[in-house]
Amino acid sequence: MLDKIYDPKQIEKEIYELWENSGYFNPDNLPVPGKTTVGEPNKKGKANKTKTYVIYMPLPNVTGSLHMGHALDNTLPDILIRYLRMGGVRTLWLAGTDHAGIATQYVVEKELKKEGRTRFELGREKFIERVWEWKNKYGNIILDQLKKLGISADWSRTRFTMDPSYSQDVQKAFTHYYKKGWLYRGNRTVNWCPRCSTSLSELELEYKNEKTTLFYMKYEPFTLATVRPETKFGDTALAVNPNDERYKSYIGKTLNIESLSTEGSLDKPSLTTINLKIVGDDAVDPAFGTGVVKVTPAHDITDFEIAERHKLPMVQVIDHRGRMNEQAGKYNGMKIAEAREKVIQDLRALGLMAKEEPYEHRVATCYRCGSTIEPLPSKQWFLKMTELAKNSIEAVDKKKIKIHPKRFEKPYFEWLKNIRDWTVSRQIWWGHRLPVYYCVCGKCDHATVATEPPKTKCPKCSCKEYKQDEDVLDTWFSSALWPFAGLSEIDIKNYYPGDLVSNAREILNLWDARMIFSGLEFKGKIPFNDVLIHGTILTKDGKRMSKSKGTGIDPLNYINQYGADATRFAVTWQASGQDIRWDEAAVIAGRKFTNKIWNASRFVLEKIKTVDVTIQDTVKPKTAADKKILEELQNTKKIVGKNIEKFEFSKALHELYDFFWHSFCDQYLEEAKKQLVADNTDSTTQKLLLQTLTESITMLHPFLPFITEAIYQKIPNAENKLLMVKTW
RNA sequence: GGGCGUUUAGCUCAGUGGUAGAGCGUUGCAUUCACAUUGCAAAGGCCGCAGGUUCAAUCCCUGCAACGCCCACCA
């Protein structure tokens, strides 16, 4: 018999153990292979024929703990996969964690900072040891938390993106691309901290408002505005907006412009003539300054991108220490601020300064030391995207892969059509080291791409010794391989390609698009059929939930207080497809619903106690109420199944809620009470109560797995089975 | 700046070319007999604003406004 009060905490723990011990999370242990019709079969009917269904979990980073986004990310696929498993499908939900290069390095460095140390003091090897310690300690936190949510992933196959076999696949992918001629080295302007002597990612930048001066310099026939006159020696073009009527006629011309010379003595500024081409580029805002900008590709990221588009040369005038270099002639060796001051004076003296006005703007500073960051050119590895992007476009364009909802196809196509080559190298320590070797002599820069240090002499300089590239690969380079690098060879035969990924929209391009072309490139097949994009969970005020802003909510709070089922209920109840303004009331509604289910079950089990009925009994309805509830049950079953298969989980749950609470509890149970005291010699009412209850909790199981399983275990003659593998 | 989305009951959201729905909240009544984490009932909405299409618009179209998200950027 069921306890009077439903205690989720205790029961959820027991039930989860029951499931794990059954081994059914692993598809290899599942009883009967069956069929699936999920996600509308492809033309070839792949989904119809398949006996497996594979979902790729969005890899949680090893940096953090659970938030509502993860709860949503994982509850929805869990509904689907439980539904299918109950349909006899061999379901594999592949779980894993991502080393998340920059993000993880960042948190470990913050740890170090608390100890007053830096990664440079530790050195690369020791530092990486520290990151591994972190990973081993916190790496599976989210996965453990997901278990509390009831997630039925196959934990026996859990992978980490830096597992040895995974690393091998990463290296193979790199060498593969290299052999195809798609990898090349080139310059790219990056964010550089002159004080820490390192490049910084977007994550490591802190923006500060800076009060400065906007200088209007004469570049006859133009005047143009800049806050950084000292970089003028690195100018390689001038740019205007192509639609700017004032300057349209200049586009494409090269002008001789009178300018400040870097020659001569510092005491006596002098003039020289420079040649600058005028280019038209949309990046130029005609409303800013005079609508003409100088293009300094080596020292400005936007300018670098303009230069790329127009194939402009790059002249570096500032070095890695933040000082002017020999290209700056007589200003060589000056610090940036010093040089700026001197250049301003010289421009004024020569009458080249048209106007100066106060100006406030945002500057990027180093999160560690607060220094203003200095965009500088550096050598990076690039992956040519032309072919790869084309393949990803085609996969969706030809409907081999469907993105739900369809409107997300647009940003997907836009991104891929305008894609630039992918910078795959990162100047950090934590990650997959590039399988690239250079000879130690330092005389030649010949790069050998290989998974091991080459044993032969360098073809250029005959040098015998090599050192590996210091850089690591972009995290997405490895997570792009997840659908197959996460599988063993035998698993690839059985389970690749898979079926579904479900994630938030911001990684549609970063991750989904890259998994698609990687799957096609390395396995010759699309990795999945469906991409399910769900809404973002916002706060009740409609702001983004974010840990750093303190607006994030940990679902464990709800799980502990109201139970995992109530939490899953709340997430699913609200997941209509739009962004969700999180409403805690939904969790309470979920708690009430589980309570309702519990008590209705207690009632039914109490009423059948005295008679001999089992769930195998077939029942002929006698009264109008009997007929009605059976009809509604069948109808609900149809609607719920259909909606789950269309990924309309929220609708399915609303339907179930309505049926169970109102049709079953409010109406039929009340009728049943009357019927039970009236003539009922053949136990029809008892049988119907039991049947409806059993079928209800079966349908509810994918949504509220714990409580339904707990009840099922108490139902007489439940065939000794688990509800998780009971067929619908 | 580009893209996308939202605007319906006090709150969070469904929904349909033909008198408007749910959950929570509110109010009233009920209640030893599954559940007060309950039941029954009620109140509460010019379905953002302005045009248009239509016999008929909350729904389709155009414009406007507000809010939000994603991406890019601020010389």
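The chains referred to below are lettered A, B, ... by the order of the sequence lines, with proteins before strands, and numbering in each begins at 1.
Nearest-nucleotide mapping onto RNA chain B: of A:I5 and A:W573, the residue sitting toward the 5' end is A:W573. Closest-nucleotide positions on RNA chain B for A:T536 and A:K607 were compared, and the one nearer the 5' end corresponds to A:K607.
When the side-chain nitrogen and oxygen atoms of A:K596 are compared with OP1 and OP2 of B:rG39, one or more of them lie within a distance under 4.0 Å.
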Applying the Watson-Crick and G-U criteria (both distances under 3.5 angstrom) with [ ] for crossing and | for other-strand pairs, one obtains for RNA chain B (((((((..((((....[..)))).(((((.......))))).....(((((..]....))))))))))))....
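The distance from atom CD of A:E341 to atom CD1 of A:I336, rounded to the nearest 0.5 Å, is 14.0 Å. For the atom pair A:M68 CE and A:D73 CG, the distance stands at 11.5 Å (nearest 0.5 Å). Residue A:I274 holds its CD1 atom at 5.5 Å from CD1 of A:I257, rounded to the nearest 0.5 Å. Distance CG/A:L693 to CZ/A:F603: 11.0 Å, rounded to 0.5 Å. Expressed to the nearest 0.5 Å, how far CD of A:Q675 lies from CD of A:E670 amounts to 12.0 Å. With rounding to the nearest 0.5 Å, the separation of CD1 in A:I597 from CD1 in A:I697 is 9.0 Å.
Ranking B:rC67, B:rA75, B:rG15 by closeness to the A:K651 side chain, first place goes to B:rG15. For A:S576, whose side chain is taken as the heavy atoms from C-beta onward, the closest listed nucleotide among B:rU37, B:rA14, B:rC11 is B:rA14. For A:N599, the listed nucleotide lying nearest its side chain is B:rA34; candidates were B:rA22, B:rA14, B:rA34.
Between the C1' atom of B:rC13 and the CD1 atom of A:I537 lies a distance of 14 Å, rounded to the nearest Å. Spacing between atom CD1 of A:I533 and atom P of B:rC71 amounts to 13 Å, rounded to whole angstrom units. When rounded to the nearest whole Å, the span between CD of A:Q574 and C1' of B:rC13 equals 8 Å. The distance between atom NE2 of A:H534 and atom C1' of B:rC70, rounded to the nearest whole Å, is 13 Å. Whole-Å rounding puts the A:I419 CD1 to B:rC71 C1' distance at 13 Å. If you take CD of A:Q667 and C1' of B:rU38, they are 16 Å apart, rounded to a whole angstrom. As a whole-Å value, the separation of A:W582 CH2 from B:rU12 C1' is 11 Å. Atom NE2 of A:H654 is separated from atom P of B:rG21 by 16 Å (rounded to the nearest Å).
There is no side-chain donor-acceptor pair under 3.5 Å between A:H67 and A:D554. No hydrogens or angles considered: a donor-acceptor pair under 3.5 Å links the side chains of A:W422 and A:D474.
Partners of A:K674 according to the side chain to side chain contact (heavy atoms under 4.5 Å, CB included) rule, which considers only residues two or more places apart in sequence or in another chain, are A:E671. Every residue two or more places apart in sequence or in another chain was checked for a side-chain hydrogen bond (donor to acceptor under 3.5 Å, both in side chains) with A:E12, and none qualifies. Checked against side chain to side chain contact (heavy atoms under 4.5 Å, CB included), A:V293 has the following partners two or more places apart in sequence or in another chain: A:A239, A:V284. Listed by chain and residue number, A:T236, A:V317, A:Q327 satisfy the side chain to side chain contact (heavy atoms under 4.5 Å, CB included) test with A:V315 (two or more places apart in sequence, or in another chain). Contacts of A:F703 classified as ring-ring contact (aromatic ring centres under 6.0 Å, His included), with partners at least two apart in sequence or in another chain: none.
Only the P atoms considered, B:rA20 is 50 Å distant from B:rC73, to the nearest whole Å. Taking atom P on both B:rC60 and B:rA66, the two are 23 Å apart, rounded to the nearest angstrom. For the C1' atoms, the distance linking B:rA22 with B:rG18 amounts to 22 Å, nearest Å. Straight-line distance between the P atoms of B:rG52 and B:rU6: roughly 25 Å, to the nearest whole Å. Using P as the reference atom, B:rC13 and B:rU8 are 9 Å apart when rounded to the nearest Å. Across the P atoms, B:rU26 and B:rC47 are found 27 Å apart, a figure rounded to whole Å. Nucleotides B:rC59 and B:rG48 are separated by 15 Å at their C1' atoms, to the nearest Å. With both ends at atom C1', the span from B:rA72 to B:rG2 equals 7 Å, rounded to whole Å.
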Within the sub-3.5 Å range, which N or O atoms of nucleotides 4-7 of chain B have a protein N or O partner, and how far apart are they?
| unit_1 | atom_1 | unit_2 | atom_2 | d |
| --- | --- | --- | --- | --- |
| B:rC4 | OP1 | A:K410 | NZ | 2.5 |
| B:rG5 | O2' | A:Q578 | OE1 | 3.0 |
| B:rU6 | OP1 | A:Q578 | NE2 | 3.3 |

Polar atom pairs between nucleotides 24-29 of chain B and protein, under 3.5 Å, N or O only, would you list them?
none

What's touching nucleotides 40-43 of chain B from the protein side, N or O pairs under 3.5 Å?
none

#### Entry: Audit row: A:L352, A:Y216, side chain to side chain contact (heavy atoms under 4.5 Å, CB included) steps and yes/no
CA-CA 9 Å; A:L352 291 174; A:Y216 287 79; over 6 Å; no
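Within 4.0 Å (heavy atoms only), A:L214 reaches no atom of the nucleic acid at all. Across all strands shown, A:V295 has no heavy atoms under 4.0 Å from either base or sugar-phosphate atoms. Counting any heavy atom pair closer than 4.0 Å across all strands shown, A:R602 reaches sugar-phosphate atoms only and no base atom. Residue contacts for A:E670: at a heavy-atom cut-off of 4.0 Å it reaches a base atom on one of the strands shown.
A salt bridge links A:R228 to A:E230: at least one charged side-chain nitrogen sits closer than 4.0 Å to a carboxylate oxygen.
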For a quick test of your reading: what N or O donor-acceptor pairs under 3.5 Å do the side chains of residues 654-663 of chain A make, sequence neighbours left out?
| unit_1 | atom_1 | unit_2 | atom_2 | d |
| --- | --- | --- | --- | --- |
| A:H654 | ND1 | A:S650 | O | 2.8 |
| A:H662 | ND1 | A:D666 | OD2 | 2.9 |
| A:S663 | OG | A:E632 | OE1 | 3.1 |

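Ring geometry for A:F222 versus A:Y250: interplanar angle over 60°, hence perpendicular rather than tilted (30 to 60°). Using bins of under 30°, 30° to 60° and over 60° for the plane-to-plane angle, the ring pair A:H404/A:F647 lands in the perpendicular bin.
For the salt bridge (Lys or Arg N to Asp or Glu O under 4.0 Å) condition, the pairs that include at least one residue of residues 582-604 of chain A, sequence neighbours left out, are A:K540-A:D583.
Of the residues in residues 503-511 of chain A, those placing a heavy atom less than 4.0 Å from an atom of RNA chain B are A:R505, A:E506, in numerical order.
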